[in-house]
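Written out below as structure tokens is the structure these notes cover.
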Protein chains: 2
Amino acid sequence: MLQKKTKYAIKALLTLAKEYKEQKPIQISKIAETEKIPRKFLEAILLELRNQGIVGSRMGATGGYYLSKHPEEIMLSTIIRSTGGPIALLPCVSLNFYESCAECVNEETCGLRDVVLEVREASIKILSKTSLADIIKRENKLIKKFKV
Amino acid sequence: MLQKKTKYAIKALLTLAKEYKEQKPIQISKIAETEKIPRKFLEAILLELRNQGIVGSRMGATGGYYLSKHPEEIMLSTIIRSTGGPIALLPCVSLNFYESCAECVNEETCGLRDVVLEVREASIKILSKTSLADIIKRENKLIKKFKV
DNA sequence: CAAATATACTATTAAATTAGTAGGAATTAA
DNA sequence: TTAATTCCTACTAATTTAATAGTATATTTG
């Protein structure tokens, strides 16, 4: 399961994406309000996303956060990883959060690992081709669909 | 990520599967030892698996646990669900652990949910066609592969 | 039947992770 | 210079997960 932190991050980034215009900052408080995210928590999350290079910021009055890339270039897999959420089901198949299993005699011949690897591939295939822009597109399609 | 509990469950069930013979019980302590799982914790896990109908048990001397079905019929998805591990990335797309998102105005038109649904489908497709027997088969294949 | 050996069950504790808060420093625009 | 904003560090609270303790109940075997 994704952490709340990750979900908040995605929602916040979607807000930035919807009003995307290069370097145009939006304030934390505005995002927190529209997305119903605890203000201070969001502050911490955006700071982290900034350190990861996903968003940029401007300090001072009229400051705020903005996407550092076009919404088409920011992938869901990147966001999940940047906010600490491993995608894999077991640490032994995680690229970014790898850890070997204490009990495993031989990782290479572990049948469970083999399956879990497949699951990871399938998940990453979807998550790494889906951008913020894609999510917004999907949203619009769904709205149309349910209006009819 | 799968919980340790789930991983222990899978390992324990694989042990039972490898020595499978209808209704032939194996003791907790033996499984705990070969799989390096804390004895008492495993006890609790097996009890749960029993209440879920995945294993059967016999009390008293010479008692123990045994698979209630053939290893080919026990699927990874079932084990994960039975030990409390949701497969979906968000509760709003989980079949067995469903919960709506507090902030979501309309679930049906949520773009993120739409993507996460796809990921779930892909994962379940693999996990629900993989049985204990399949995992063992994979293991044997891998052993052969790495021997050469 | 008694002793030994299992699981069944309930309750509790410990550890780890995740979520959220507090408060002041630094920066910028007006 | 003031107001508005992000930056940063350190905490605290809440929740979840992992593990343990101890007793009750059932079963086999001598």
Side-chain angles (χ1 to χ4, degrees), chain A residues 1-9 11-12 16 23-33 35-66 68 80 82-86 89-91 97 99 101-103, chain B residues 1-9 11-12 16 23-33 35-66 68 80 82-86 89-91 97 99 101-103:
Chain A
M1 282 272 180
L2 298 183
Q3 299 173 18
K4 272 199 182 180
K5 188 174 156 188
T6 300
K7 199 169 122 192
Y8 287 161
K11 296 234 166 182
L16 295 183
Q23 305 258 347
K24 188 196 126 199
I26 297 178
Q27 288 72 46
I28 294 176
S29 23
K30 194 191 159 189
I31 302 171
E33 207 175 301
E35 295 298 335
K36 287 180 196 155
I37 302 170
R39 165 67 215 268
K40 270 292 193 180
F41 195 20
L42 180 58
E43 199 179 312
I45 293 168
L46 285 169
L47 203 58
E48 212 174 316
L49 290 174
R50 177 180 148 277
N51 292 332
Q52 302 276 348
I54 294 174
V55 298
S57 66
R58 207 166 60 217
M59 283 180 92
T62 77
Y65 285 92
Y66 50 86
S68 62
I80 293 174
S82 295
T83 52
L89 290 179
L90 288 176
F97 301 87
E99 234 174 90
C101 299
E103 336 80 57
Chain B
M1 281 270 179
L2 298 182
Q3 299 173 19
K4 271 199 184 181
K5 190 175 157 188
T6 301
K7 199 169 124 193
Y8 287 160
K11 297 232 165 183
L16 295 182
Q23 304 258 345
K24 188 197 127 203
I26 298 178
Q27 288 73 43
I28 294 176
S29 23
K30 194 190 159 190
I31 302 172
E33 206 175 304
E35 297 298 334
K36 291 181 195 153
I37 301 171
R39 166 68 216 268
K40 270 290 191 180
F41 194 20
L42 180 58
E43 198 180 312
I45 293 168
L46 285 169
L47 202 59
E48 212 174 315
L49 290 173
R50 175 181 150 276
N51 291 331
Q52 302 275 348
I54 294 174
V55 298
S57 67
R58 207 163 63 217
M59 283 179 94
T62 76
Y65 285 93
Y66 49 87
S68 62
I80 294 175
S82 295
T83 50
L89 290 180
L90 288 176
F97 301 87
E99 234 174 271
C101 299
E103 336 79 58

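All values below come from the heavy atoms of this structure, side chains included, with hydrogens, waters and symmetry mates left out.
- Here the P atom of nucleotide C:dA19 and the CG atom of A:L2 are 10 Å apart, to the nearest Å.
- Rounded to a whole Å, the CZ atom of B:F41 is 18 Å from the P atom of C:dC9.
- Here C:dT7 presents its P atom at 6 Å from CD of B:Q27, a figure rounded to the nearest Å.
- For the pair A:E48 CD and C:dT18 P, the interatomic distance rounds to 12 Å; values are reported in whole Å.
- Taking only side-chain nitrogens and oxygens, B:R39 comes nearer than 4.0 Å to OP1 or OP2 of C:dT7.
- We find that CD1 of B:I45 is positioned 14 Å from P of C:dA8, with the value rounded to whole Å.
- How far CD1 of B:I28 is from CD of B:E43: 4.5 Å, rounded to the nearest 0.5 Å.
- Of the charged side-chain nitrogens involved, none lies within less than 4.0 Å of a carboxylate oxygen, so that A:R39 and A:E33 do not count as a salt-bridged pair.
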For residues 57-66 of chain A, please give each side-chain donor-acceptor pair under 3.5 Å, one per line with the distance, not counting sequence neighbours.
| residue | atom | partner | partner atom | Å |
| --- | --- | --- | --- | --- |
| A:S57 | OG | A:R50 | NE | 3.2 |
| A:Y66 | OH | A:Q23 | OE1 | 3.4 |

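- Checking side-chain atoms of A:T83 against main-chain N and O of A:K5 turns up no donor-acceptor pair under 3.5 Å.
- Rounded to an integer number of Å, the gap from B:K40 NZ to C:dA14 C1' is 17 Å.
- A 4.0 Å heavy-atom criterion places the boundary nucleotides of DNA chain D facing chain A at D:dA4 to D:dC8, written 5' to 3'.
- With rounding to whole Å, B:L46 atom CG is found 13 Å from C:dA6 atom C1'.
- Distance, B:L42 CG to C:dA8 P: 12 Å, rounded to whole Å.
- Proximity of residues 49-57 of chain B to DNA chain C (heavy atom under 4.0 angstrom from any strand atom) is restricted to B:R50, B:S57.
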